[in-house]
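Okay, structure first, notes after.
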Amino acid sequence: MTFVKNKIHTEIGTDLNLAADYLKKGELVAIPTETVYGLAGNALDTNAVLKIYQTKKRPSFDPLIVHVGGLEQVYPYVKEFPEELKELAEAFWPGPLTLLLPKQSIIPDLVTSGLDTVGIRVPHHPLTRELLMNLDFPLAAPSANPFGYISPTKATHVVDQLNGEIPYVLDGGDCQVGLESTIVGIEQGQVIVYRLGGVPVKRIEDRVGPLLILPQSSSNPKAPGMLKSHYAPQTPIVLGNLEEMIVKYSANGIPFGVLSFSKDYGRFQPKQQVVLSKVGDFEEAARNLFSGMRMLDNTGLAVILAEELPEENLGKAINDRLRRAAAK
Ligand code: TXA
Ligand code: MG
């Protein structure tokens with residue numbers, strides 16, 4: 001006998017009460033944040049958390065981030081808040097920074113994949129902050145994409161992939177940062193970056209001094225989700241010198257797309273080319289990265305040719321995503 005899962009109707013809207021009602025009933029709701037859309041459920045309800053892993057088809061060894069409405073709301077869920085990390089929270093929350101803190105037992109082990117730290121952040125989005133303020137539980141929320149695919153930065157991206165899987169998508173418009181949060185923890189007094197993201201490393205170092213950066217940690221057990229091949233479109237991505245690659249692929253007659261930092265190659269069809277920021281602005285480039293990759297992925301190309309950005313500011317995090325997307 002084959003078992004056919006009943007699909008549910010997925011609605012998009014801005015009704016905070018409806019979103020809150022679903023979450024209180026243990027259902028999942030996609031929520032907007034400044035980084036990417038999250039697939040949210042009650043972080044204190046193991047059944048809701050289980051639904052998140054199932055809906056995302058995510059392995060249970062990859063822990064979830066817990067979202068709260070403000071700094072004060074962190075305390076019930078953590079055993080301690082090291083000074084250095086508190087300073088970062090005060091500087092960057094609400095914002096694209098996740099802190100790894102020793103967890104209290106009220107946070108289910110399923111949320112943290114059995115680790116004794118919990119990743120927590122205060123997202124910077126008016127709708128989601130109001131939602132969090134109206135709930136008496138925090139929200140566990142990974143990015144609202146199937147495991148391994150590109151994170152969604154628009155409500156329609158969520159619906160494209162999770163239609164029929166969740167009842168509601170809270171539409172908060174386009175994500176203003178466009179890259180996932182920077183993940184930071186501390187071990188033996190050393191502040192460590194586990195994932196590059198929306199807060200540039202330099203801005204963190206300005207506060208707490210030199211950081212240890214462990215972002216390429218595909219085998220690092222502390223951040224099991226940082227798999228090398230991630231954030232990936234279906235179409236292969238090749239990184240390199242765009243001028244040279246364009247000559248080579250044109251000669252081969254292979255249908256290709258182009259993703260550049262700031263240079264407009266003009267002669268391509270609009271659906272074949274993405275210029276992340278014509279003025280070379282890193283923040284604009286970050287905002288456009290995932291939607292640009294999605295657009296090229298849906299054009300039916302054989303390959304996407306892309307270039308790395310300068311390794312400064314958000315360029316580091318953008319390059320990290322490009323390299324992961326290009327990894328086999
Ligand atoms: O910007 C973001 O962080 C978005 C929005 C929705 O908040 N969320 C997000 O979640 O990117 P996700 O699940 O796609 O990525 C979270 C990553 C995972 O890869 C996981 O490895 C890491 O955070 N993580 C979470 N808790 C951790 C912990 N306790 N220790 C180490 N890594 C952790
Ligand atoms: Mg993700």
Side-chain angles (χ1 to χ4, degrees), residues 28-41 43 49 52-53 55-68 77-79 85 92-104 107-125 128-129 131-132 138-153 157-158 161 169-170 172 175-187 192-199 214-215 217-232 286 290 317 320-321 324-325:
L28 307 186
V29 170
I31 55 165
T33 84
E34 79 283 30
T35 61
V36 301
Y37 275 75
L39 178 62
V49 174
I52 295 177
Y53 283 99
T55 304
K56 240 187 105 87
K57 300 189 174 63
R58 176 177 180 126
S60 59
F61 60 75
D62 191 2
L64 307 179
I65 293 174
V66 171
H67 299 70
V68 295
Y77 309 117
V78 305
K79 285 194 176 140
L85 299 191
F92 299 110
W93 283 353
L97 176 76
T98 293
L99 298 175
L100 301 184
L101 298 166
K103 86 175 188 77
Q104 289 283 8
I107 299 288
D109 288 334
L110 190 59
V111 170
T112 61
S113 306
L115 296 172
D116 53 15
T117 56
V118 57
I120 300 199
R121 80 179 190 101
V122 180
H124 189 45
H125 191 288
T128 291
R129 285 196 82 199
L131 177 67
L132 285 165
L139 292 174
S143 51
N145 51 283
F147 183 68
Y149 195 66
I150 308 164
S151 297
T153 53
H157 292 165
V158 180
Q161 294 187 299
V169 178
L170 188 61
C175 297
Q176 290 303 299
V177 173
L179 287 177
E180 298 85 351
S181 58
T182 306
I183 301 181
V184 175
I186 187 165
E187 288 178 44
I192 301 175
V193 172
Y194 294 95
R195 175 177 73 182
L196 298 168
V199 179
L214 294 177
S217 40
S218 51
S219 59
N220 167 27
K222 185 82 183 174
M226 303 321 305
L227 305 171
K228 199 167 163 230
S229 172
H230 218 81
Y231 311 99
F290 289 154
D320 170 79
R321 301 305 187 270
R324 285 179 206 278

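Note that ligands are numbered from 1 as they come in the structure, with each ligand's atoms numbered from 1 the same way. For the single chain, residues carry numbers from 1 onward in sequence order.
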Pick whichever of Ser143, Ala144, Pro63 has a heavy atom sitting closest to atom 24 (N) of ligand 1.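 Answer by nearest heavy atom: Pro63.
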Which is closest to atom 4 (C) of ligand 1 by heavy-atom distance: Thr98, Val36, Val118? Val36
When you measure from the side chain of Arg195 to the backbone N and O of Ser181, does any donor-acceptor pair fall under 3.5 Å?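 Pair found, side chain donor or acceptor close to backbone of Ser181.
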Between Leu64 and ligand 1, find which residue part has any heavy-atom pair under 4.0 Å and reply side chain, backbone, both or neither.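 Just the backbone.
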Can you tell which part of Glu34 has a heavy atom less than 4.0 Å from ligand 1: side chain, backbone, both or neither? neither
Between Thr117 and Thr112, is the side-chain contact (heavy atoms from CB on, under 4.5 Å) condition met? List the steps. CA-CA 7 Å; Thr117 56; Thr112 61; over 6 Å; no
Below 4.0 Å from ligand 1: does a non-hydrogen atom of Arg195 turn up there or not? yes
Should Ile65 be listed as contacting ligand 1, given a heavy-atom distance under 4.0 Å as the test?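 True for this residue.
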May I ask you to list the atoms of ligand 1 that are less than 4.0 angstrom from any heavy atom of [X]?
X: Thr35; answer: 1 (O), 2 (C), 4 (C), 5 (C)
X: His67; answer: 5 (C), 6 (C), 7 (O)
X: Ile183; answer: 17 (C), 22 (C), 23 (O)
X: Leu115; answer: 28 (C), 29 (N), 30 (N)
X: Thr117; answer: 28 (C), 29 (N), 30 (N)
X: Ser181; answer: 1 (O), 2 (C), 3 (O)
X: Leu100; answer: 27 (C), 28 (C), 29 (N), 30 (N), 31 (C)
X: Asp62; answer: 18 (C), 19 (O), 20 (C), 21 (O)

Any side-chain donor paired with an acceptor under 3.5 Å for Arg121 and Thr35?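 Yes, a side-chain donor-acceptor pair sits under 3.5 Å.
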Do Glu180 and Ser151 have a side chain donor and acceptor closer than 3.5 Å?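 Result is yes, a qualifying pair exists.
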Tell me whether Tyr37 has any N or O atom under 3.5 angstrom from an N or O of ligand 1. no
Considering only heavy atoms from C-beta outward, does the side chain of [X] approach that of [Y] to under 4.5 Å?
X: Glu34; Y: Thr128; result: no
X: Leu131; Y: Leu139; result: yes
X: Gln161; Y: Pro152; result: no

Look at Ser151 and state whether any of its N, O or S atoms is less than 2.8 Å from the Mg ion (ligand 2).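 Under 2.8 Å: Ser151 has no N, O or S contact with the Mg ion (ligand 2).
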Tell me the closest heavy-atom pair linking Ile52 and Ala140, and the distance in Å. CD1-O, 3.4 Å
If you look at every heavy atom in Leu132 and His67, which pair is closest and at what distance? CD2-O, 3.4 Å
Looking at CG of Leu64 and NZ of Lys56, how far apart are the two atoms once the value is rounded to the nearest 0.5 Å?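 Rounded to the nearest 0.5 Å, the CG-NZ separation comes to 8.5 Å.
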